[in-house]
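Below is one structure, written out as structure tokens; the observations come after it.
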2 protein chains.
Amino acid sequence: MTLPNDLTLSDRTSDALTAAHLYYMQDLTMDAIAHELHTSRSSVSRLLSQARASGLVDIQIRSPLDATSNLEKVIFDRYHVTAHVVPVPDHASDVDRLDRVALSVARILGQYFDSNMTMGIAWGSTLNAISRHVTPKRTHNSQIVQLNGAGNMRTTGLDYASEILRRFGDAFGAHVEQFPVPAFFDDPATRQAFWRERGVIRLLQMQGRMDVALFGLGSPFSDVPSHVYAGGYLESEDFDALGRGGVVGDVATVFFRADGSTDGIPLNERSTGPDFAVLRRAPRRICVVSGSSKLASLHGALSARLITDLFIDEGAAHALCDGA
Amino acid sequence: MTLPNDLTLSDRTSDALTAAHLYYMQDLTMDAIAHELHTSRSSVSRLLSQARASGLVDIQIRSPLDATSNLEKVIFDRYHVTAHVVPVPDHASDVDRLDRVALSVARILGQYFDSNMTMGIAWGSTLNAISRHVTPKRTHNSQIVQLNGAGNMRTTGLDYASEILRRFGDAFGAHVEQFPVPAFFDDPATRQAFWRERGVIRLLQMQGRMDVALFGLGSPFSDVPSHVYAGGYLESEDFDALGRGGVVGDVATVFFRADGSTDGIPLNERSTGPDFAVLRRAPRRICVVSGSSKLASLHGALSARLITDLFIDEGAAHALCDGA
DNA sequence: AAGCTGGCTGAACATATGTGCAAGGAGCGG
DNA sequence: CCGCTCCTTGCACATATGTTCAGCCAGCTT
């Protein structure tokens, strides 16, 4: 029994690691582990929880060809996008769907993000849900950058967006770069002026260097409007203009039509989200969708080639495949 | 006995995959999953067992720096070998140790072996124990090749060795190449003759192309003699000769001294195991050791530079570090 | 068709695991 | 030194999971 307390790791983490090894690699019962670690069974249970929650234990599903993979294959063939279909029962509510897709994304995200990488992150109910579950993974010299501003007439949006960003930053040990601007400027000229600020330029350059982008979809005219549309960011006249312009959705507050085009949509001139050309520079662009109400929006985003990896609930995936 | 799963996946496997996803990715309880899959909770329990046993679910421990890693670091610094120290309680019996180390190796082996690879495998109690637990992993165009013959005066050894090989082959979907010769020829000349046979040459060439070699250690003069020394492979005169020659152990029935040298050991002329020069050609050479009685043998194997990756129980690891 | 076999199922039971809670201990500021 | 907070622990109980067993069904033989 050596007790040398080494500088690197706390006793607790070390015990958690040993416990995890004994439990997952050697199939001991918690009782047996408790005995080996000279502690109580409950403590072992807690150690293991911690080990899982802190990402010490990494559980993956190796999917050779599963039920959902038929859908995944169809989607790939049709849209050239790597799909991850999340099984969800038909009767699940929209909130359920969102939560369950988000949990799956949160669990798997570590496989996409690593040291020395930059990840761009949007905000909204989808990202919020994901952020609450991200499985931690230690990385070095990596960065999280906010894709679009979150302020509006009533709030700076900092509380909401920065909380989301912070959760990702904590989980990956990454530096977080916030974007403290409103979601939309009132005047396009203000935006242009801002965009000449050195601090802003630095952030935009960072967006240009993204390795991974993570975003949900906005869907203005569906039964379940997204955060942007319900949060007081848009005036009713803006809303009307979107309708007239044939807009079907947005990614990071940049709006697009069914064919994926963004030109001539006035609101985009005032938006702080990244031009799609910038977004498309990221080699991996992960889009998370739950609920069939976002289908029109999804079609648009696919046309705009915004997506390389799609996480989607089973129902919506079916709708996507059947629909077109 | 047939493994039909090609394009279509059996319902059962498909369900297992879905269940695994729901259980491990979405944290549903088995009860909830049973409900979604329209089956009973017990069936879900069984599905999940199957999913784990068949390698559909892959659980890894991401070890940043754990308790055992002190030892691992010391071993690396001193011997330039990547060590995996398996935690085992001090009071564990030798059988326990072997089993637990073997289980750990079996679980992690899939990380070393992949499609289009060739793995060389020895036989003995260690390999036998490992073979009983290998976690399956689907690979293509990969091969398992037997390192040394297993026959002796009484038996062809095929039952024993081929059973071990078969288990690995099944687990990885790999082609198995057996080596149907005795462990030791009676006359060196017979061996030389055999080695000119085309079939044997093919097998030896295969050994020369190994990507991974997996072996335990023999230890002739310890309290717990290894399979080779107790199985009727050696005459007592052979045994005496080993003692006089300063032999401390063997790998795949090729004997070596404390300094790692093999020259001038008569028995090696009759052995069917691979020359160490051949063995060392494999980029990864995984040695599995349990129990401190193999320490002398281990030192010799380290001197001979036979090992790149070492799996060892905690007690033996301590002894290794304290000893020298 | 009857009889057999082997594999699968869910109910009931046996274990194993998760959690609320009260108690104890370390750190800290009076 | 006290009294406070915050964190940890193990117990006891509540849940969740694993396993046994009898019954069922499909496929096959007679």
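Worth knowing before you read on, the calculation uses all heavy atoms, side chains too, and leaves out hydrogens, waters and symmetry mates. The sequence lines fix the lettering, A, B, ..., with proteins before strands; numbering per chain opens at 1.
Other residues, nucleotides and ligands contribute only 12 or fewer heavy atoms inside 6.0 Å of the CG atom of Asp90(A).
Summarising the geometry, the separation between NE2 on His35(B) and C1' on dA16(D) is reported as 17 Å, rounded to the nearest angstrom. Here dA16(D) presents its C1' atom at 13 Å from OH of Tyr24(B), a figure rounded to the nearest Å. Rounding to whole angstrom units, CG of residue Leu28(A) and P of dT15(C) are separated by 18 Å. Distance CE (Met30(A)) to P (dT15(D)): 18 Å, rounded to an integer number of Å. Taking atom CG of residue Asp31(A) and atom P of nucleotide dC11(D), one finds them 11 Å apart after rounding to whole Å. Rounded to whole Å, the distance from CD on Gln50(B) to C1' on dG18(D) is 16 Å. Asp27(A) has its CG atom 10 Å from the P atom of dT17(C), to the nearest Å.
Residues from residues 40-49 of chain A with heavy atoms under 4.0 angstrom of DNA chain C, sorted by number: Arg41(A), Ser42(A), Ser45(A), Arg46(A).
Applying the ring-ring contact (aromatic ring centres under 6.0 Å, His included) test to pairs two or more places apart or on separate chains, those with a residue in residues 83-104 of chain B are His84(B)-Phe311(B).
Considering only the side chain of Arg52(B), dG18(D) comes nearest among dG18(C), dG18(D), dT17(D).
With 3.5 Å as the limit, one finds a donor-acceptor pair spanning the side chains of Ser40(A) and Ser43(A).
Aromatic ring orientation, His35(A) versus His38(A): tilted (interplanar angle from 30° to 60°).
At dT17(C), one or more side-chain N or O atoms of Tyr23(A) fall inside 4.0 Å of OP1 or OP2 (strictly under the cut-off).
Using a cut-off of 4.0 Å between Lys/Arg side-chain N and Asp/Glu carboxylate O, Arg107(B) and Asp27(A) are scored as salt-bridged.
A search for side-chain contact (heavy atoms from CB on, under 4.5 Å) contacts involving His175(B) returns Gln143(B), Glu177(B), not counting sequence neighbours.
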